[in-house]
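As the structure lists them, so they are numbered: ligands from 1, and atoms in each ligand from 1.
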Amino acid sequence: MKVLLDGATIQTRVRALALEIERDYPPGEEIHLVCVLKGGFMFMADLVRAMSTRISLDFLAVSSYAKSTTSSGEVRMLKDLDSGLQGRHIVIVEDIVDTGLTLTYLQEILRARSPKTLRTACLLSKPSRRQVDVTVEYIGFTIEDHFVVGYGLDYAEQYRNLPYIAVLDLQ
Ligand code: IMP
Ligand code: MG
């Protein structure tokens, strides 16, 4: 496995993203961060530790049909949020945007719950793989079309614990 982004590089970028997000909201207004499990858990943990404004957080889990059968991007909610989104500033926190299908669908679901604002933060983006033009306001790193693991991202549930991001050779 080849290290693509080491731990220090990720930490520096995540801290910068946290400050950028904070600056984009009116002072004193709470930001509600919604983490997409499981891949987003480590990014979420580091992001919120670098924020000093008023935040709250919640978690959801989806199963994607995008890769298996059709490329409809339809997702099934495996674990829904604990609280409603109405009138709140929502930031979706996701590990990676690849085809964009999962996020597009998720944004639709959450937008229907009438948040005051809805934005998305992804640690990684693979623009060369995009199938739909999804809006992601905060992107940590833009990467080439490699399959990556670590820092929350898995291959068959392995490698999520790595404190860095590596390219997995799938041969
Ligand atoms: P999309 O609908 O194609 O954008 O799918 C995004 C989801 O696919 C992410 O949330 C990841 O769970 C998974 N995924 C995409 N690329 C990778 C990768 O390189 N490593 C690990 N998971 C990935
Ligand atoms: Mg994911």
Side-chain angles (χ1 to χ4, degrees), residues 1-11 13-14 17-18 21 31-48 57-82 85 90-113 115 118-171:
M1 279 204 295
K2 181 178 156 285
V3 176
L4 186 67
L5 300 163
D6 64 38
T9 304
I10 296 171
Q11 293 303 320
R13 183 66 187 126
V14 170
L17 270 184
I21 294 171
I31 306 170
H32 188 61
L33 296 131
V34 168
C35 175
V36 184
L37 295 171
K38 300 169 197 163
F41 86 98
M42 207 174 277
F43 179 34
M44 176 75 142
D46 285 336
L47 197 63
V48 295
L57 50 87
D58 206 346
F59 299 86
L60 61 77
V62 292
S63 97
S64 176
Y65 294 138
K67 304 264 152 52
S68 49
T69 48
T70 61
S71 49
S72 64
E74 194 176 319
V75 294
R76 191 159 55 94
M77 198 74 90
L78 297 178
K79 184 220 172 290
D80 206 338
L81 298 167
D82 289 339
L85 303 184
I90 307 303
V91 178
I92 301 172
V93 178
E94 169 68 307
D95 52 1
I96 185 166
V97 51
D98 186 27
T99 64
L101 292 165
T102 308
L103 262 180
T104 298
Y105 201 78
L106 200 54
Q107 287 176 352
E108 243 170 71
I109 293 172
L110 300 188
R111 197 170 287 119
R113 299 180 184 184
L118 179 67
R119 292 182 186 155
T120 303
C122 283
L123 181 72
L124 304 172
S125 172
K126 288 193 236 180
S128 63
R129 298 254 313 156
R130 208 76 89 240
Q131 288 179 27
V132 285
D133 186 18
V134 63
T135 303
V136 180
E137 286 82 358
Y138 308 103
I139 291 174
F141 303 93
T142 295
I143 62 169
E144 304 281 295
D145 182 16
H146 294 128
F147 194 84
V148 291
V149 295
Y151 199 76
L153 293 117
D154 77 307
Y155 175 68
E157 296 300 325
Q158 297 298 298
Y159 312 113
R160 291 193 196 275
N161 58 309
L162 301 178
Y164 52 85
I165 288 169
V167 176
L168 188 66
D169 192 358
L170 287 170
Q171 321 294 8

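- Residue contact annotation: G100 has a non-hydrogen atom under 4.0 Å from ligand 1.
- Annotation: V148 places an N or O atom under 3.5 Å from an N or O atom of ligand 1; distance criterion only.
- Contact annotation for D154 and ligand 1: only backbone heavy atoms (N, CA, C, O) come within less than 4.0 Å of the ligand.
- Of the candidates K126, E94, R130, the one placing a heavy atom closest to atom 19 (O) of ligand 1 is K126.
- At a heavy-atom cutoff of 4.0 Å, ligand 1 is contacted by no atom of Q131, backbone or side chain.
- Proximity of a side-chain donor or acceptor of R130 to a complementary backbone N or O of V97 within less than 3.5 Å is detected.
- In terms of heavy atoms, D58 sits closest to M44 at O-CE, 3.9 Å.
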Stepwise side-chain contact (heavy atoms from CB on, under 4.5 Å) check, L37 with L60: CA-CA 6 Å; L37 295 171; L60 61 77; over 6 Å; no
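- Under a 4.0 Å criterion applied to the non-hydrogen atoms of H146, ligand 1 contributes the atoms 19 (O).
- A 4.5 Å side-chain heavy-atom check between D95 and F43 finds every atom pair outside the cut-off.
- The closest approach between a heavy atom of V149 and any atom of ligand 1 is not below 4.0 Å.
- At a heavy-atom cutoff of 4.0 Å, ligand 1 is contacted by the side chain of L153 but not by its backbone.
- Listed by first and then second residue, the salt bridge (charged side-chain N to carboxylate O under 4.0 Å, His left out) pairs involving residues 148-170 are K38-E157, D154-R160, E157-R160 (not counting sequence neighbours).
- Here OH of Y105 is found 11.5 Å from CG of L110. Values are rounded to the nearest 0.5 Å.
- Distances between N or O atoms of L103 and those of ligand 1 include no value under 3.5 Å.
- Evaluated by nearest non-hydrogen atom to atom 15 (C) of ligand 1, the leading choice among T99, V62, V134, D98 is D98.
- Close approach of ligand 1 to T102 (heavy-atom distance below 4.0 Å) involves ligand atoms 1 (P), 2 (O), 5 (O).
- Without hydrogens or angle criteria, R129 side chain to D98 main chain gives no donor-acceptor distance under 3.5 Å.
- Using a distance-only test at 3.5 Å, with no hydrogens or angles considered, a donor-acceptor pair links the side chain of Q107 to the main chain of T135.
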